[in-house]
Amino acid sequence: MTRTSVLNQIHLFLPSKDSSKSTVFNLRLKDQDCLSLLKRCKSMEEFKQVHAQMLKLGLLCDSFCSNNLVASCALSNWGSMDYACSIFRQIEDPDTFVFNTMIRGHAKDASFEEAFLLYYEMFDRGIEPDNFTYPALLKACPALLKACAQRRALEKGMQIHGHIFKLGLEVDVFVQNSLISMYGKCGKIELACAVFELMDQKSVASWSAIIGAHASLGLWCEGLMLFGEMNREGCWRAEESTLVSVLSACTHLGSFDLGRCTHGSLLRNISGINVIVETSLIDMYVKCGSLEKGLSIFQNMAKKNQFSYTVMISGLAMHGRGREALRVFSEMFEEGMIPDGVVYVGLLSACSHAGLVKEGLQCFDRMKYKHGIDPTIQHYGCLVDLMGQAGMLNEAFELINSMPIEPNDVVWRSLLSACKVHHNLELGEIAAKNLGQLKSHNPSDYVILSNMYARAQRWEDVARIRTEMVDKGIEQKPGCSLVEVKRKVHKFVSQDMSHPQCHGIHEMIHQMEWQLKFEGYSPDTSQVLLDVDEEEKRERLKAHSQKLAIAFALIHTSQGSPIRIARNLRMCSDCHTYTKYISMIYEREITVRDRYRFHHFQNGTCSCSDYW
DNA sequence: CTAGGGTTAG
């Protein structure tokens, strides 16, 4: 029913000049009719009008009706908690029902404090909470978490858990699922697991919650293992929300094949994939290296939300397609969506990867002045990156000095690597000094600086950095590479030869080396900052995780099939060169995702044009 | 009339 027709119906119920007519209608109008009328409202404004007129007629006064009214305002997508509160406060004897609704409404609005105050008010008034109260309340804990108070959120959550015990409620599956989710979101995976394991009846939602908890904490392999366990143990068919977490795990692990399978199972088993699932699919395809597939899902979506746009924009950014990211952004704007800080992080990084300096600076201004978003350190980080990569080193440095927030290590590191690319040792030293003061002992910072000294032939300084690293006990963080072969993700850690098929890999590497040498490759040992001889350096270089992963993939995949690798760190320049050669010699397309972007290797060249 | 599980950057 449209809005006008709801209002037209109201007029029938209003007292009219013709008193006989109004009496007839008044007699026929019951509370139930009013409620169903109110349920059809599509906006707060409409609801208020209708409600006011109902009150004039002296209707909707009992607790059942009030509860319904509060539920409409608090839980519908057009509702307003303010109005819900005003109705709620007029209720003389609020019951557990209406308290539950109000708490849930506050949780939905991410206002934890209000939710918790209502909970205490229940005790003061002697109203007993029930099994419906706790899921609502537990849902509010992550809201508190969002306000940057992890410790407090957890404390509150545990306090609630304690109350549930004390009240001696029979804890049902809903409450348990909420507990799992709450502990998961507050970063306490062991507590989430404890609740999960103690459950005697697990629902699909319980599995979703525990898998989601693992996935959101970066325990992706564990999440996938639980998914396997769920499939073995249960007779349920996984639902969309479980598969969303599975897809998210695939995304982070770069598990293209498993992701594609999950997509297939969604298509087979579920009619009409919803926005959230579609968004996770886009994210999965894009971050597993298939931008085109992601784009095609995006373009065919019936409904897009804030997340969909954010995912697409940051995806385009990772692949260096800045112009398209800007176009998707304007599309989002035309759809009437209000961009948030996260979209702008994606947009700014898109500009920086594509070298769109002017556009990036415009975006930054637009964000601040048009959308009133206070730039966070991430936004400044993108901006420093943007300027630095474009060679505007002094401007970047000035920006850091004039920022209203304290620069962090990421910002200084951005400047440092820009200085390396554009050979500005002087500024590089300043950046490195600031990194040192931040006590951020990231080994790659030392490597970069030392390489810069080496380029300037300042060998004493190179030696000084090395000693400093030894003195501080800084070792290069082991790199790790993930590669998927026959739907199984294999993890390789630099220098680690514990893979079951280590022997074969070793032989393959040996064979590869001969061919590489023949084509003119020579190892670049300048990346190895260890006080060992050249031979040892070459050995260490050979055992970089990316090379192990490539060797493994070459052995176990068929000739000509693409290889996809996901890494935890940036690639070293030796691995970059090495992979270019391999793509040519073995005629393979190799896609490597590092921490910042994608590299597509083919026929001896890389899509990043050797600039990253 | 009220309930559980899900997607994004760094």
Side-chain angles (χ1 to χ4, degrees), chain A residues 31-32 35 38-39 62-72 74-75 95-105 107 129-139 171-182 184-185 192 196 199 202-213 215-216 230 238-249 251 274-284 286-287 304-315 317-318 340-350 376-382 385 408-411 413-414 595-596:
Chain A
D31 280 349
Q32 269 302 336
L35 288 177
L38 280 164
K39 268 200 179 145
D62 67 359
S63 85
F64 177 83
C65 286
S66 312
N67 289 355
N68 264 287
L69 293 173
V70 171
S72 296
L75 305 177
D95 55 10
T96 307
F97 272 118
V98 73
F99 267 103
N100 291 349
T101 309
M102 285 296 291
I103 291 175
R104 190 165 139 71
D130 63 9
N131 264 338
F132 285 78
T133 314
Y134 287 103
L137 203 56
L138 288 165
K139 212 171 186 170
V171 182
D172 64 8
V173 68
F174 289 94
V175 176
Q176 286 172 318
N177 292 345
S178 308
L179 281 169
I180 295 172
S181 166
M182 183 274 294
K185 284 181 183 139
F196 181 74
M199 293 175 78
K202 294 171 180 125
S203 66
V204 186
S206 322
W207 285 99
S208 297
I210 197 74
I211 294 171
S216 66
M230 168 184 175
E239 289 177 6
E240 285 166 295
S241 38
T242 324
L243 294 181
V244 166
S245 296
V246 172
L247 280 173
S248 165
T251 305
N274 70 25
V275 201
I276 300 178
V277 182
E278 278 180 314
T279 304
S280 345
L281 279 170
I282 296 173
D283 198 38
M284 184 275 293
V286 168
K287 291 196 185 135
K304 295 170 188 156
N305 64 15
Q306 192 92 15
F307 281 88
S308 327
Y309 281 101
T310 309
V311 162
M312 199 63 250
I313 289 171
S314 357
M318 285 189 92
D340 63 1
V342 184
V343 183
Y344 272 108
V345 172
L347 205 59
L348 290 171
S349 83
T376 64
I377 196 71
Q378 280 100 340
H379 297 109
Y380 282 109
C382 290
D385 213 42
N408 65 359
D409 58 326
V410 180
V411 169
R413 194 164 298 126
S414 255
R595 204 131 177 74
Y596 295 92

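Chain identifiers are assigned alphabetically (A, B, ...) following the order of the sequence lines, protein sequences preceding nucleic acid strands; residue numbering begins at 1 within each chain. This one's a predicted model, so the numbers in the text were calculated from it and none came from an experiment.
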- Query: R104(A): what forms a salt bridge (charged side-chain N to carboxylate O under 4.0 Å, His left out) with it, not counting sequence neighbours?
  - Reply: none

- Item | Test item: side-chain donor near acceptor, S206(A) and S203(A), under 3.5 Å | yes

- Task: Kindly write out the residues that satisfy side chain to side chain donor-acceptor pair (under 3.5 Å) with S63(A), not counting sequence neighbours, or none if the list is empty.
- Result: none

- When we call it a touch if two heavy atoms are under 4.0 Å apart, what does N274(A) touch: a base, just sugar-phosphate, or nothing? base

- Task: With heavy atoms under 4.0 Å as the rule, sort K39(A) into base, sugar-phosphate or nothing.
- Result: nothing

- Query: Hey, does A205(A) reach any base, or is it just sugar-phosphate, or nothing, if we go heavy atoms under 4.0 Å?
  - Reply: base

- Item | Under the side-chain contact (heavy atoms from CB on, under 4.5 Å) test, residues paired with T242(A) that sit two or more places apart | V204(A), S208(A), I211(A), F227(A), M230(A), A238(A), E239(A)

- Task: Could you pull out all residues at least two apart from T251(A) that satisfy side-chain contact (heavy atoms from CB on, under 4.5 Å)?
- Result: D283(A), M284(A), K287(A)

- Could you check whether K287(A) gets within reach of a base, just the sugar-phosphate, or nothing at all, counting any heavy atom under 4.0 Å? sugar-phosphate

- Which salt bridge (charged side-chain N to carboxylate O under 4.0 Å, His left out) pairs, counting each pair once, include a residue from residues 204-213 of chain A, with sequence neighbours left out? none

- Message: Classify V277(A) by what it touches in the nucleic acid, base, sugar-phosphate, or nothing, heavy-atom distance under 4.0 Å.
- Response: base

- Task: Could you check whether V311(A) gets within reach of a base, just the sugar-phosphate, or nothing at all, counting any heavy atom under 4.0 Å?
- Result: sugar-phosphate

- Task: Please find the earliest and latest nucleotides of DNA chain B, in the 5' to 3' direction, that have an atom within less than 4.0 Å of any heavy atom of chain A.
- Result: dC1(B) to dG10(B)

- Task: Give E278(A) one of three labels, base, sugar-phosphate or nothing, depending on what nucleic acid heavy atoms sit under 4.0 Å from its own.
- Result: nothing

- Query: How is Q176(A) classified with respect to the nucleic acid when contacts are heavy atoms under 4.0 Å: base, sugar-phosphate, or nothing?
  - Reply: nothing

